[in-house]
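Single-structure report; data block below.
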Amino acid sequence: MDAGSLYREQQELAKKAILIDSFGQVKRIGGADCSYLDDELVIGGLVVLDYEGLKPVYRTFSVQRLAFPYVPGLLAYREAGALMEAVQEAKVGFDVLMVDGFGANHPRRCGIATHIGVKLDVPAIGVGKSFLCGEIKGEYVYQDGERVAKMLYPKGLKRPIYVSPGHRISLETAAGIVLVSIKKGRLPEPLRLAHEYVTQLKKIIVHPFKE
DNA sequence: GCGACAG
DNA sequence: ATCTTGTCGC
């Protein structure tokens, strides 16, 4: 599987991405993040929280064999599998999913949030922790003259987080949801808790097998 | 050719 | 992502 065919798949997925709100009242929101056990195993974790109160109500995970290296622009082919499996195994649903990474703000408009959102047909928001691509103008990132991400400065920090729509949601709605979800730290609760979750899982899984 | 490059 | 102590700031 060469990069060319993967690029083409991303362009196809990007065409299917709906960047306007198409979901009802948000009752529960999910957060997905990954952690690496070693050079060949990834843990994809999902945390579902009650949107009001932002308290976790469910967690689940999936461990998969890494079948692809980290290549900028192709992150989904390394982490999306484990994250999607965790989402599909979940016994508690959510109305919107927040993913660690980008959505429409991507070289081919198909970041991991778009990839997962379109493939599972779930509303998805991408939240990146560092710049990927595009032109920064004010509080927005543009690509080909189109707004693809909004920068937010949690706690007035210098380093912004980049919010971009993945699927079935608009940029402004996505940014609004991320903004109200920030309570502690730099990341919104769904992602902060998902990251904390997979980090803890890694510890209790690696310990018994090491030393 | 050179620089940039999510997690 | 991951390896890690002390350290700066609210």
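In what follows, chains carry the letters A, B, and so on, assigned in the order in which the sequence lines appear, proteins first and then strands, with residues in each chain numbered from 1.
For A/Ser130 and B/dG7, the shortest distance from a side-chain N or O to OP1 or OP2 is below 4.0 Å. Residue A/Tyr70 places at least one side-chain N or O under 4.0 Å from the OP1 or OP2 atom of B/dA6. For C/dA1, one of the phosphate oxygens OP1 or OP2 lies less than 4.0 angstrom from a side-chain nitrogen or oxygen of A/His195. Contact annotation: A/Lys202 reaches the phosphate of C/dT2 (side-chain N/O to OP1 or OP2, under 4.0 Å).
How far CG of A/Leu13 is from NE2 of A/His115: 6.0 Å, rounded to the nearest 0.5 Å. Considering SG of A/Cys34 and CG of A/Leu75, their distance stands at 8.0 Å, rounded to 0.5 Å.
Rounded to an integer number of Å, the gap from CG of A/Leu191 to P of B/dA6 is 17 Å. We find that CG of A/Leu132 is positioned 5 Å from C1' of B/dA6, with the value rounded to whole Å. Atom CE of A/Met98 and atom C1' of B/dG7 are 15 Å apart (whole Å). Per the geometry, CZ belonging to A/Arg78 stands 13 Å off P belonging to B/dA6, to the nearest Å.
No donor-acceptor pair closer than 3.5 Å links the side chain of A/Ser181 to the backbone N or O of A/Pro188. Side-chain atoms of A/Asp33 do not come within 3.5 Å of backbone N or O of A/Ala194 as any donor-acceptor pair. Distance alone, capped at 3.5 Å, is enough to place a donor-acceptor pair between the A/His106 side chain and the A/Gly73 backbone.
The side-chain heavy atoms of A/Val198 and A/Phe61, taken from C-beta on, include no pair separated by under 4.5 Å. For the pair A/Ile29/A/Val48, no side-chain contact is recorded, criterion being any heavy-atom separation below 4.5 Å from C-beta on. Under the 4.5 Å side-chain criterion, counting only non-hydrogen atoms from C-beta, A/Leu201 is not in contact with A/Ser35. Between A/Ile182 and A/Lys155, some side-chain heavy-atom pair lies under the 4.5 Å cut-off. Between A/Val96 and A/Tyr51, every side-chain heavy-atom pair lies at or beyond the 4.5 Å cut-off. At a threshold of 4.5 Å between non-hydrogen side-chain atoms, the residues A/Leu46 and A/Leu97 count as touching.
Residue contacts for A/Gly73: at a heavy-atom cut-off of 4.0 Å it reaches a base atom on one of the strands shown. Note on A/Gly111: a base of the nucleic acid sits closer than 4.0 angstrom, heavy atoms only. Across all strands, A/Phe131 comes closer than 4.0 Å only to sugar-phosphate atoms, never to a base (heavy-atom distances).
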| Under the 3.5 Å Watson-Crick or G-U criterion, the dot-bracket string of DNA chain B, with | for inter-strand pairs | .......

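Non-hydrogen atoms lying under 4.0 Å from DNA chain B are contributed by nothing in residues 59-69 of chain A. Shown for residues 31-49 of chain A: residues whose heavy atoms fall under 4.0 angstrom of DNA chain C, namely A/Ser35, A/Tyr36.
Stem regions annotated for DNA chain C: none, counting only runs of 3 or more consecutive pairs of Watson-Crick or G-U type with both contacts under 3.5 Å.
A salt bridge does not link A/Arg108 with A/Glu9: every distance from a Lys NZ or Arg NE/NH1/NH2 to an Asp or Glu carboxylate oxygen is 4.0 Å or more. Between A/Arg192 and A/Asp100 there is no salt bridge, since no side-chain nitrogen of the basic residue lies less than 4.0 Å from a carboxylate oxygen of the acidic one.
Ring geometry, A/Phe102 versus A/Tyr162: the interplanar angle falls from 30° to 60°, so the pair is classed tilted.
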| task | Start with the C-alpha gap between A/Arg28 and A/Val57, add the side-chain angles, then the distance that decides, and say whether side-chain contact (heavy atoms from CB on, under 4.5 Å) holds. | result | CA-CA 9 Å; A/Arg28 290 193 297 274; A/Val57 298; 4.1 Å; yes

With 3.5 Å as the limit, what N/O pairs link the protein to nucleotides 6-10 of chain C?
none

Just distance, no hydrogens or angles: give the donor-acceptor pairs under 3.5 Å from side chains in residues 145-152 of chain A, sequence neighbours left out.
residue, atom, partner, partner atom, Å
A/Arg147, NE, A/Tyr142, OH, 3.1
A/Lys150, NZ, A/Glu172, OE1, 3.1

